[in-house]
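The structure appears right after this line, and notes come after that.
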Amino acid sequence: QVQLVESGGGLVQAGGSLRLSCAASGRTFSRYAMGWFRQAPGKEREFVAAINWSGARLDYADSVKGRFTISRDNAKNTVYLQMNSLKPEDTAVYYCAAGTPYSDSPVNYDYWGQGTQVTVSS
């Protein structure tokens, strides 16, 4: 069992930056691939970024490549999402998730956080 708690969301102007954190409970954190997903009002949940258990494999949605960076610290049971050059279209609730195997599909993730709101003003 893994429990996930996101933090770091907020309101930022376009072009600004935010760093999301996701703290995991349990001693098995390092076994899981971790993903970030987001959901805007009226839209389906979409993939943002994923990182495998060791951090050696990373993937990003085309819409965030070059602007967002996913990382993890297994010693701290935490995964991060650094978001730079934010755009109004990045506005959404951001969720972190843990699962196996490594995937960009939400159906492969077993554990989810409660989400953190990111709002980017124009």
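Just so you know, these numbers come straight off a predicted model, no measurement behind them. FYI, the numbering just counts along the sequence from 1.
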Distance col, row R72:CZ vs N77:CG, nearest 0.5 angstrom, shows 9.0 Å
Please say yes or no: joined through hydrophobic side-chain contacts below 4.5 Å, possibly via intermediate residues, are L81 and L58 part of one cluster?
yes
Hey, are K87 and D90 close enough for a salt bridge, meaning a charged N less than 4.0 Å from a carboxylate O?
no
Donor-acceptor contact present, side-chain R57 to main-chain N52, <3.5 Å
no
Give a yes or no answer on whether the side chain of N74 reaches the backbone of W53 with a donor-acceptor pair at less than 3.5 Å.
yes
So, does S25 use its side chain to make a donor-acceptor pair with the main chain of Q3 at under 3.5 Å?
yes
Spatial distance of atom OG1 (T69) from atom CE (M83) [nearest 0.5 Å]:
11.0 Å
Atom SG in C96, atom OH in Y111: separation rounded to 0.5 Å?
13.5 Å
Taking every non-hydrogen atom, the tightest pair across L4 and A98:
CD1-N, 3.7 Å
Please tell me whether Y60 and M34 are part of a single hydrophobic cluster in this structure, the criterion being side-chain heavy atoms less than 4.5 Å apart.
yes
Going only through I, L, V, M, F, W and Y residues with side-chain contacts under 4.5 Å, is there a path from V64 to V118?
yes
Side-chain contact, heavy-atom cut-off 4.5 Å: L18 with F68?
no
Does the side chain of D59 come under 3.5 Å of the side chain of Y102 through a donor N or O and an acceptor N or O?
yes
Give a yes or no on whether F47 and W36 share a hydrophobic cluster (residues Ile, Leu, Val, Met, Phe, Trp, Tyr; joining criterion: side-chain heavy atoms under 4.5 Å apart).
no
Roughly how far apart are S122 OG and E89 CD, rounded to 0.5 Å?
10.0 Å
Angle between ring planes, F37 versus Y109, binned at 30° and 60°: parallel, tilted or perpendicular?
perpendicular
Heavy atoms of Y95 and E6 approach each other most closely as CA-OE2, 3.3 Å
Provide the closest heavy-atom pair for T91 versus Q117 in the form atom of the first, atom of the second, distance.
CG2-NE2, 4.0 Å
Output for pair (E46 CD, R38 CZ), nearest 0.5 Å, gives 4.5 Å
Distance-minimising heavy-atom pair for D73 and F29:
O-CE2, 4.1 Å
Here the pair of heavy atoms bringing Y94 nearest to L20 is CB-CD1, 3.6 Å
Taking every non-hydrogen atom, the tightest pair across S71 and V79
O-CG2, 3.0 Å
